[in-house]
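Input: a single structure, listed below in structure tokens.
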Amino acid sequence: MKIGYPCINRTVKCNGNKTFRLRSYSDQRLTETVQNNLACLQKVLKYNIRHNILFFRISSDLVPFASHPVCKFDWQGHFSTSLNELGDLIRQHDIRISMHPDQFIVLNTPRDAVLESSLLELRYHSQLLDLMELDTTAKIQLHVGGVYGDRDTSIKRFIDRYKHLEPVIQRRLVIENDDRSYQLEDCLRIHQATGIPVLFDWFHHQVLNSGESLPDGLKAAARTWRSEDGTPMVDYSSQEPGKIRGKHAQTLDPHDFRNFLALNPKRDLDLMLEIKDKEKSALKALKLLRNETGYIKN
DNA sequence: AATGGTCAAGTCAGC
DNA sequence: GCTGACTTGACCATT
């Protein structure tokens, strides 16, 4: 089991998620920012390697405005060498990579303009991973999308859109159960129709489910991953005490995490910690894993 | 250097 | 109808 965290490292003094305002766009500003972001990503990956954190989610802001019409710059060509070198580092240390396009990317939208920009953004994500020459175990995770007052039709629209995706996007895409619209059951139904792997979100499943236990839910999701998709990915968080239901924890709750481990003794999964203090919790989780008797290697 | 208004993009719940 | 939440506050004009 690999442990990971998303996008930001607060220990390494290097911000690899730098962006800028649209009206400040220039090719020069873009190249400077991307150069910075790639250099920081490399530093963060090296920090992760030193600390045995071998799962990482790369920020969608790596190349700001990459899919925006304002950007005519050939960032793919200009940064292909740097991206390739990053890919070398990732492959050399067998780091698992994911990306998570943000909330504006909605594959099942009824609106043409939203679909079009979503497809461009997905293409950007897949191009990044392709330029790093990562295999299809590097994934792009999406939620199913909106309900629009008609779940069945909206699920059908997702299925149809997925089937018509470019293969380079299709092979990387996975769907994740969310905590208010589409639960595990819906994702499994979409898997049945398309073969798309289902990334199990442990915390969301506690908030929204149809009665499956957490371990059963996780097992059902894990079965949707083929060998070319790699080890099933799982998102993990726990409830921030005293905040509204569904609020992600500030830091790893050792009690909740031990419970997670106890419920999943096989641990044939890669675990993304969606916890606000990022690498600190990843380190806590790894330490806890090492110190617990009966818990494996690393 | 500190501050505060504002930022490409969608959808939904809660008020 | 507006605001906040979402994987993540940070950019930038102004003082």
Side-chain angles (χ1 to χ4, degrees), chain A residues 4-10 12-26 29-30 32-33 36-37 40-41 44 55-71 97-125 139-151 154 157-158 161 174-183 199-204 207-208 233-240 243-250 271-282:
Chain A
Y5 63 95
C7 306
I8 295 172
N9 181 306
R10 301 195 187 282
V12 177
K13 293 291 169 241
C14 198
N15 177 7
N17 312 286
K18 268 206 196 310
T19 181
F20 46 87
R21 297 293 164 81
L22 178 57
R23 66 176 193 279
S24 331
Y25 181 90
S26 69
R29 184 68 187 268
L30 180 75
E32 285 169 5
T33 304
N36 166 81
N37 288 350
C40 289
L41 175 57
V44 169
F55 186 15
F56 189 67
R57 183 181 297 163
I58 294 176
S59 167
S60 298
D61 281 337
L62 201 66
V63 185
F65 302 105
S67 73
H68 191 281
V70 76
C71 176
I97 295 293
S98 67
M99 296 191 78
H100 195 336
D102 61 13
Q103 62 267 35
F104 311 108
I105 287 67
V106 188
L107 205 51
N108 76 344
T109 180
R111 297 164 54 191
D112 289 344
V114 176
L115 175 62
E116 192 182 343
S117 57
S118 295
L119 291 174
L120 289 173
E121 185 72 356
L122 287 176
R123 181 179 295 158
Y124 151 65
H125 282 77
K139 292 302 186 192
I140 299 169
Q141 63 186 93
L142 265 193
H143 294 293
V144 177
V147 177
Y148 312 100
D150 183 346
R151 175 173 307 269
S154 300
R157 196 161 52 239
F158 183 96
R161 297 266 167 79
V174 303
I175 45 171
E176 172 191 356
N177 57 305
D178 68 77
D179 57 358
R180 57 179 189 192
S181 300
Y182 292 103
Q183 53 178 297
L199 188 157
F200 187 68
D201 189 306
W202 182 260
F203 184 40
H204 289 164
V207 179
L208 184 68
M233 292 177 176
V234 172
D235 280 357
Y236 168 87
S237 188
S238 60
Q239 175 67 38
E240 174 68 10
K243 293 292 166 69
I244 61 164
R245 187 161 163 75
K247 176 81 179 170
H248 287 224
Q250 282 296 327
L271 194 65
M272 176 58 63
L273 304 180
E274 291 190 327
I275 296 177
K276 303 288 180 191
D277 71 359
K278 308 288 181 183
E279 78 283 359
K280 288 198 173 62
S281 281

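Order of the sequence lines sets the chain letters (A, B, ...), proteins ahead of strands, with each chain counted from 1.
Summarising the geometry, the separation between CG on A/Leu115 and P on B/dG10 is reported as 13 Å, rounded to the nearest angstrom. Between the C1' atom of B/dC12 and the OH atom of A/Tyr182 lies a distance of 12 Å, rounded to the nearest Å. Rounded to an integer number of Å, the gap from A/Asp235 CG to C/dC6 P is 14 Å. One can place NE2 of A/His125 at 17 Å from P of B/dA9, the figure rounded to the nearest angstrom. The separation between A/Asp277 atom CG and C/dG9 atom P is 11 Å, rounded to whole Å. One atom, CD1 of A/Ile58, and another, P of C/dT8, lie 18 Å apart when rounded to the nearest Å. Between the NE2 atom of A/His143 and the C1' atom of B/dC12 there is a distance of 13 Å, rounded to whole Å. Atom CD in A/Gln250 sits about 14 Å away from atom C1' in C/dA5, given to the nearest Å.
One P atom belongs to C/dA13, the other to B/dA8, and the distance between them is 12 Å to the nearest Å. Atom name P, nucleotides C/dC12 and B/dA9: the rounded distance is 16 Å, in whole Å. B/dT6 sits 16 Å from C/dG4 when the C1' atoms are compared, rounded to a whole Å. Rounded to a whole angstrom, the distance from the P atom of C/dT3 to that of B/dG5 is 13 Å. Spacing of P atoms, B/dC7 relative to C/dG1, comes out at 22 Å, to the nearest Å.
In terms of modelled atom types and a separation under 3.5 Å, the side chain of A/Ser237 and the main chain of A/Glu274 share a donor-acceptor contact.
The side chain of A/Arg29 contributes no N or O atom lying less than 4.0 Å from OP1 or OP2 of C/dC11. Between B/dT11 and A/Arg111, a contact under 4.0 Å exists linking OP1 or OP2 to a side-chain N or O. Checking the phosphate oxygens (OP1, OP2) of B/dT6, no side-chain nitrogen or oxygen of A/Arg21 falls inside 4.0 Å. Side-chain nitrogen and oxygen atoms of A/Ser118 include none within less than 4.0 Å of the OP1 or OP2 phosphate oxygen of B/dG10. At the phosphate of B/dC7, neither OP1 nor OP2 sits under 4.0 Å from any side-chain N or O atom of A/Thr19. For C/dT8, one of the phosphate oxygens OP1 or OP2 lies less than 4.0 angstrom from a side-chain nitrogen or oxygen of A/Lys276.
Within 4.0 Å (heavy atoms only), A/Ser60 reaches no atom of the nucleic acid at all. Using a 4.0 Å heavy-atom criterion, one finds that A/Val70 contacts no nucleic acid atom at all. At the heavy-atom level, A/Phe65 lies under 4.0 Å from base atoms of the strands shown.
Other residues, nucleotides and ligands contribute only 12 or fewer heavy atoms inside 6.0 Å of the CZ atom of A/Arg123. For A/Glu32, the CD atom counts as densely surrounded, since its 6.0 Å shell holds more than 12 non-hydrogen atoms of other residues, nucleotides or ligands.
Minimum heavy-atom separation, A/Asp178 to A/His204: CA-ND1, 3.5 Å.
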**Prompt:** Would A/His100 and A/Leu199 satisfy side-chain contact (heavy atoms from CB on, under 4.5 Å), going step by step from the backbone distance to the final call?
**Reply:** CA-CA 12 Å; A/His100 195 336; A/Leu199 188 157; over 6 Å; no
**Message:** Determine whether A/Phe203 and A/His248 satisfy the following criterion, ring pair (Phe, Tyr, Trp, His ring centres under 6.0 Å), listing intermediate values before the conclusion.
**Reply:** CA-CA 8 Å; A/Phe203 184 40; A/His248 287 224; 5.3 Å; yes
**Request:** Carefully, step by step, assess A/Trp202 and A/Leu271 under the rule side-chain contact (heavy atoms from CB on, under 4.5 Å).
**Result:** CA-CA 10 Å; A/Trp202 182 260; A/Leu271 194 65; over 6 Å; no
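Remark: B/dA1 base-pairs with C/dT15; criterion is Watson-Crick or G-U wobble with both hydrogen-bond distances under 3.5 Å. For B/dT11, the paired base is C/dA5 (Watson-Crick or G-U wobble, both distances below 3.5 Å).
Both A/Leu22 and A/Gln103 lie close to DNA chain C; mapped to their nearest nucleotides by heavy-atom distance, the more 5′-ward contact belongs to A/Gln103. In terms of position on DNA chain C, the residue among A/Cys7 and A/Asn17 whose nearest nucleotide sits closer to the 5' end is A/Cys7.
B/dG10 has no stacking from A/Phe104 on its base ring, since the centres under 5.5 angstrom apart and planes within 30 degrees of parallel are not both found.
Listed nucleotides B/dC12, C/dC11, B/dA8 differ in distance to A/Asn15; the shortest reach to its side chain belongs to C/dC11. Counting only heavy atoms from C-beta on, A/Glu121 has its side chain closest to B/dA8 among B/dC12, C/dA10, B/dA8.
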